[in-house]
Amino acid sequence: MPGISFQSLFIFSALFRVFLIIYGEWQDANMEVRYTDIDYFVFSDAATLMASGKSPYERSTYCYSPLIAFLLMPNSFLHQTWGKFLFSASDLLVGLLIHRILKLRGVPEKLCTYSTMVWLFNPFTFTIGTRGNCEPIICSMILWILMCLMNGHVLQAAFWYGLVVHMRIYPIIYALPIVLLLDPQHFQPGKKPVLVEWSSRALKPSSATSSSKTSITQYIWNFCINMITWRRVMFGIISASTFFFLTGLSFHLYGWDFLHEALLYHLTRTDPRHNFSIYFYHIYLHYEHEFSILEKLISFLPQFIVQLVLISRFALDLPFCLFLQTLAFVAFNKVITAQYFVWFFCLLPLILPWSNIKLVWKGLACIILWIGAQTNWLAWAYLLEFRGKNVFFQLWVASLLFLAANTFVIINTICSHLYSPLFQQLKQGGKLKQGYERPTAEPL
């Protein structure tokens with residue numbers, strides 16, 4: 001798209017989101033099927049309760065931090081679409097942060113624009129905020145944490161990390177790769193970490209794989225023998241203090257209702273309703289029998305193993321590691337809904353400039369397989385929910401196929417990725433280690 005600037009695309013995407021919000025109001029008023037997400041009505045009701053001095057947890061199915069209800073309080077006295085504009089603004093902020101992060105890593109402007117478009121014009125993402133889902137706020141905070149780390153602002157990153165884990169528990173999976181990255185070889189007193197620029201991507205995949213294995217082994221060893229460093233300790237203290245302060249304040253205000261709905265519910269959740277997860281059928285068949293805490297937690301074991309493998313292999317290439325972690329976490333989760341896909345879509349543009357996958361045919365195959373597996377699942381879900389047909393087993397098979405599709409995408413993404421550590425290694429004194437010279441820009 002010659003001649004189209006990022007600024008023009010950004011303005012167009014903003015106007016498009018405003019149009020969708022206005023259209024959504026019309027559809028809600030004139031059509032049987034609502035445009036607005038059911039969760040938005042839950043948020044709005046909880047915000048109204050909070051504005052009147054009551055607990056947001058008096059609203060059934062509200063299972064989020066009270067901060068979400070607090071942010072949506074203007075819904076009750078300003079306008080009911082306030083939250084949609086707030087979430088869509090966060091959605092646009094994600095686009096800005098993606099563009100900024102790629103520029104910091106030396107990605108050319110044209111490629112930055114193309115990569116950012118994957119977020120701004122993705123149907124999964126531009127509808128999530130305009131329909132009234134809060135996930136764009138979480139995505140923007142995660143990208144801001146990444147940018148803080150890239151700029152060497154570790155304490156600021158720690159504060160935002162504690163805040164985002166309080167608001168949504170799943171980013172806890174990022175703790176270990178972040179702590180591994182806070183190594184003295186990257187962060188030295190009074191010095192900003194040196195980023196590995198995009199121009200070094202020409203490293204052959206086979207060399208990258210070997211370098212990755214050697215490097216991450218070295219970092220894990222360094223972590224074990226030099227576990228306690230000033231930055232790691234401060235990151236842990238500030239992030240934990242932020243999390244426990246906000247959690248303690250919420251518990252003081254709303255008691256066990258908050259603790260159960262916002263935290264414990266997500267750890268031991270057993271949802272008998274049909275969803276993309278392979279676990280739903282087993283839960284449905286045995287829901288009348290009370291599950292023990294051990295049974296509720298055992299499903300985390302596959303997730304835990306996969307997370308450890310990915311972290312041990314790709315932690316130094318932090319954006320890529322976070323993307324794989326999130327995609328795998330969602331794929332193996334006990335409950336999977338479409339809004340969870342946004343969690344890894346916000347990280348996808350950050351890895352595209354380092355991928356050698358071709359849209360034709362491998363890239364197209366991944367897209368078709370992933371969307372096809374969803375469509376197959378949705379077809380069976382339609383027969384179950386709207387036609388009342390007993391197709392639970394077929395729906396479970398569709399969930400297995402969706403897991404297989406996610407696994408296929410993960411494997412192909414790994415095989416097509418050009419490994420690139422986020423930071424260059426420094427010797428004591430701040431000099432670059434041999435083999436990590438600052439790359440020179442390639443002619444474009």
task: Go through the steps to decide whether I137 and L71 satisfy the test side chain to side chain contact (heavy atoms under 4.5 Å, CB included), and finish with yes or no.
output: CA-CA 11 Å; I137 291 181; L71 291 173; 4.0 Å; yes
Please round to the nearest 0.5 Å and tell me the distance separating atom [atom1] of [X] and atom [atom2] of [Y].
X	Y	atom1	atom2	answer
L401	W377	CG	CH2	13.0 Å
E261	R59	CD	CZ	11.5 Å
S250	F258	OG	CZ	4.0 Å
M141	S90	CE	OG	10.0 Å

Ring centres under 6.0 angstrom apart ([X], [Y]):
X	Y	result
F402	W396	no
W343	F124	no
F126	F16	yes
F276	W370	no
W354	F320	no

Between C112 and L102, the two heavy atoms sitting closest are SG-CB, 3.5 Å
If only atom types and distance count, is the side chain of D28 paired as donor or acceptor with the main-chain N or O of T36 below 3.5 Å?
yes
>> Tell me whether N75 contacts the main-chain N or O of G83 through its side chain, where contact means a donor paired with an acceptor under 3.5 Å.
In response: yes
Where does the angle between the aromatic ring planes of F341 and F344 fall among parallel (under 30°), tilted (30 to 60°) and perpendicular (over 60°)? tilted
Checklist entry - Any idea how Y170 and Y174 line up, ring-wise: parallel (<30°), tilted (30 to 60°), or perpendicular (>60°)? => result perpendicular
Side chains of [X] and [Y]: does their closest heavy-atom pair fall under 4.5 Å?
X	Y	result
F332	I278	no
M147	H153	no
T229	P184	yes
F423	L195	yes
H417	D317	yes
I142	P171	yes
L348	W119	no
R168	E135	yes

Run S44 and Q80 through side chain to side chain contact (heavy atoms under 4.5 Å, CB included) and show every step you take.
CA-CA 8 Å; S44 296; Q80 62 182 5; over 6 Å; no
**Request:** Scan side-chain atoms only and decide if T130 and Y35 contain a donor-acceptor pair under the 3.5 Å cut-off.
**Result:** yes
Using the rule given for side chain to side chain contact (heavy atoms under 4.5 Å, CB included), can you reason through L422 versus L316, listing the C-alpha separation, both sets of side-chain angles and the distance that settles it, and then say yes or no?
CA-CA 6 Å; L422 183 61; L316 301 186; over 6 Å; no
Between C139 and the options T125, V342, D91, L347, the side chain to side chain contact (heavy atoms under 4.5 Å, CB included) test singles out V342
Side chain to side chain contact (heavy atoms under 4.5 Å, CB included) test vs F6 passes for just one of E109, K103, M117, namely E109
How far apart are the C-alpha atoms of Y161 and F243, what are their side-chain angles, what is the distance that settles it, and do they pass the ring-ring contact (aromatic ring centres under 6.0 Å, His included) test?
-> CA-CA 8 Å; Y161 184 70; F243 172 80; 9.5 Å; no
Would you please test F345 and V118 for side chain to side chain contact (heavy atoms under 4.5 Å, CB included) and show each step? CA-CA 8 Å; F345 273 135; V118 172; 5.8 Å; no
Tell me, please, whether W144 has R100 positioned over its six-membered ring: NZ or CZ under 6.0 Å from the ring centre and within 45 degrees of its axis? no
Item checked: R232 with D183: basic N within carboxylate O range, under 4.0 Å -> yes
Does the pair Y57 and Y62 meet the rule for a ring-ring contact (aromatic ring centres under 6.0 Å, His included), with working shown? CA-CA 6 Å; Y57 300 100; Y62 183 76; 5.4 Å; yes
